[in-house]
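Note that this is a predicted model, so its numbers are computed, not measured.
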Protein chains: 2
Amino acid sequence: MRTALVDHTGRILRKRKTTTAISEGPDRTSERLIAECRSLIDEARLMGGEIQAIGLGVAGKINRSQGLVVFSPNLPSMRNYPLAGKLEEGVGIPVVIENDANVFGVGEHIAGTARGIENWIGITLGTGVGGCLILRNEIWIGDDLGFVGEIGHTIVQPEGRLCLCGSSGCLEAYASGWALVAGVKEAAASGDLSSGPLYDLWESGKLTAEGVYRCAKENDSEALQLFHRMGWALGLAIANQFTVLGIRHAILGGGVSAGWDCFIHPLKESLARHSSMLSADDMVVLKSTLGDEAALIGAAFLAINRE
Amino acid sequence: MRTALVDHTGRILRKRKTTTAISEGPDRTSERLIAECRSLIDEARLMGGEIQAIGLGVAGKINRSQGLVVFSPNLPSMRNYPLAGKLEEGVGIPVVIENDANVFGVGEHIAGTARGIENWIGITLGTGVGGCLILRNEIWIGDDLGFVGEIGHTIVQPEGRLCLCGSSGCLEAYASGWALVAGVKEAAASGDLSSGPLYDLWESGKLTAEGVYRCAKENDSEALQLFHRMGWALGLAIANQFTVLGIRHAILGGGVSAGWDCFIHPLKESLARHSSMLSADDMVVLKSTLGDEAALIGAAFLAINRE
């Protein structure tokens with residue numbers, strides 16, 4: 001979990017990172033979060049400042065008004081867990097909770113690549129694939145069903161690879177960290193993984209998405225193929241959304257977006273091929289420049305501007 | 001082309017239907033439209049009323065502010081044609097132009113099945129597949145690029161059937177009037193069309209989407225299969241949009257929605273299967289009850305409420 005001290009102008013003054021320790025149960029995770037926040041509050045006081053509010057971004061289904069983590073793939077034991085309430089009780093400061101891709105969206109919109117773009121779709125490429133929609137300069141929440149912008153779970157390949165969500169052929173099953181790893185394992189299982197650094201990584205049991213990226217940069221054909229497939233899937237999913245929303249901007253963030261140079265060309269090719277409404281030149285796909293700071297700034301912004 | 005006299009309450013007082021005669025050129029079509037409107041204006045006067053404005057719904061890319069038909073698949077010779085201006089000149093009354101699926105959306109929203117639903121996606125099943133988005137009770141226009149809600153051109157089957165738009169595997173290539181006819185022709189070409197009423201229809205050269213529907217009602221397996229595929233494609237495309245928009249209502253209209261009983265079950269099955277965010281019970285797919293009157297009422301409403 002990442003925590004930060006953010007001032008009113010959106011500047012990050014302190015930044016921390018620790019583990020959630022979710023295997024020890026949700027209360028333990030909540031306690032760790034409280035400890036991190038208390039420590040940052042103390043730091044703020046030492047700097048002569050006062051913390052007004054805390055913004056939380058959590059992956060998964062969130063109930064904003066009740067402050068619940070309804071379901072989080074990263075924190076599976078936090079089902080209907082009142083994380084915002086626990087934190088508020090623990091530190092005595094108002095807490096706002098949002099989906100992690102939505103806080104990414106807010107951060108990018110006020111301080112990042114998306115400044116000045118009225119309508120856009122955001123995609124966070126990490127272990128999974130998250131997403132958000134900014135419409136008329138605001139986070140779109142739809143019917144407030146606890147999810148929105150989940151482009152990672154739109155189907156790009158019917159009957160394709162089984163996704164963690166239970167559906168088959170989701171974008172996430174081709175464009176996420178776990179999908180890159182799964183792709184190598186599938187190739188190994190079917191005997192398509194020839195000897196080389198990627199094979200060695202797989203055999204060593206130390207296979208990660210980052211490892212697949214390093215192999216792709218060394219021109220490993222299987223690794224390149226996986227990034228090609230990722231770009232293809234992203235291009236198709238983005239094209240489908242541009243076609244329905246009548247918009248033309250997408251912004252990609254998250255750790256796996258570091259593989260940009262390996263997937264952006266197939267992405268743009270796929271986008272052009274699957275868009276019948278817009279020409280290639282009219283569509284803009286940008287990489288987030290704030291990195292993990294987008295979510296930190298976005299969460300702080302939501303906290304400061306809470307109703 | 002359909003024309004109607006609509007009062008302030010959204011009631012249709014007169015309704016007409018004539019051909020566009022587009023093969024004789026866009027000016028001829030425009031003249032026919034002017035004649036129809038003049039005749040309705042005269043009728044209104046006889047009834048003691050006065051026409052305030054005219055609302056036009058046209059399939060294709062529309063430039064609202066300039067009153068242009070940018071490109072219409074049904075009226076191919078009307079490229080960048082100033083239809084609104086011609087009509088305004090011809091009758092001396094303000095004219096508003098919109099995409100046909102958008103006027104359908106407005107009509108359904110104010111007078112049809114969609115009353116009271118804040119966010120929904122509309123799909124018009126005709127020769128082609130049109131669509132619209134109603135967000136926060138208003139027609140969503142996105143970046144005002146001349147198209148929006150074009151769910152018919154989202155990809156449901158990569159490398160699938162070639163669509164009229166040039167892409168492969170669009171929803172329209174499985175869920176439109178032309179797709180039903182194309183499906184029969186393909187089956188015939190590959191020798192999969194066994195003898196029976198559908199074969200006879202094909203051989204007679206009188207094959208229409210309506211004919212395919214009649215055969216499906218008579219339990220022709222090939223015809224049923226085509227409607228099954230249509231439902232599957234619609235369910236997948238709607239699921240993808242619910243997942244991203246965080247909404248749960250869709251409304252289907254257009255002439256081919258008359259085949260409802262042949263595609264709604266596979267549609268709902270596909271929708272449930274391809275939605276990882278919502279359970280089957282949470283999703284609502286409704287049939288337009290206004291028929292072709294939705295577009296007439298919607299166009300009139302836009303004209304009355306023009307800025």
Check: Which bit of A:Ile247 comes within less than 4.5 Å of chain B, counting heavy atoms only: side chain, backbone, both or neither?
Finding: both
Residue selection (most heavy-atom pairs with chain B, distance under 4.5 Å) from [options]:
options: A:Lys61, A:Arg273, A:His249; result: A:Arg273
options: A:Gly152, A:Gly142, A:Gly131; result: A:Gly142
options: A:Ile141, A:Leu171, A:Ile121, A:Leu278; result: A:Leu278
options: A:Phe242, A:Phe71, A:Phe147, A:Trp232; result: A:Phe147

Check: What part of B:Ile155 is in contact with chain A, defined as an atom under 4.5 angstrom from a non-hydrogen atom: side chain, backbone, both or neither?
Finding: both
Item checked: B:Leu236, part contacting chain A, at a heavy-atom distance under 4.5 Å -> side chain
Without swapping roles, check the side chain of [X] against the backbone of [Y] for a donor-acceptor pair under 3.5 Å.
X: B:Ser190; Y: B:Ala187; value: yes
X: A:Ser275; Y: A:Leu271; value: yes
X: A:Thr124; Y: A:Gly130; value: yes

Next item on the list: Please step through side-chain contact (heavy atoms from CB on, under 4.5 Å) for the pair B:Thr113 and B:Lys287, ending with a clear verdict.
Entry: CA-CA 7 Å; B:Thr113 314; B:Lys287 189 181 168 187; over 6 Å; no
Item checked: Pick from B:Glu118, B:Arg248, B:Arg136 with the largest number of heavy-atom pairs that fall under 4.5 Å of chain A -> B:Arg136
Check: Who wins among B:Leu245, B:Asn240, B:Val148 for the most heavy-atom pairs under 4.5 Å with chain A?
Finding: B:Asn240
Notebook entry, point to check: Relative to each other, are the rings of A:Phe104 and A:Trp120 parallel, tilted or perpendicular (30° and 60° limits)?
Noted result: perpendicular
Next item on the list: Might you confirm whether atom CD of A:Glu138 has over 12 heavy atoms from other residues, nucleotides or ligands at distances under 6.0 Å?
Entry: no
Check: When rounded to the nearest 0.5 angstrom, what distance separates CG in B:Leu252 from CZ in B:Phe263?
Finding: 5.5 Å
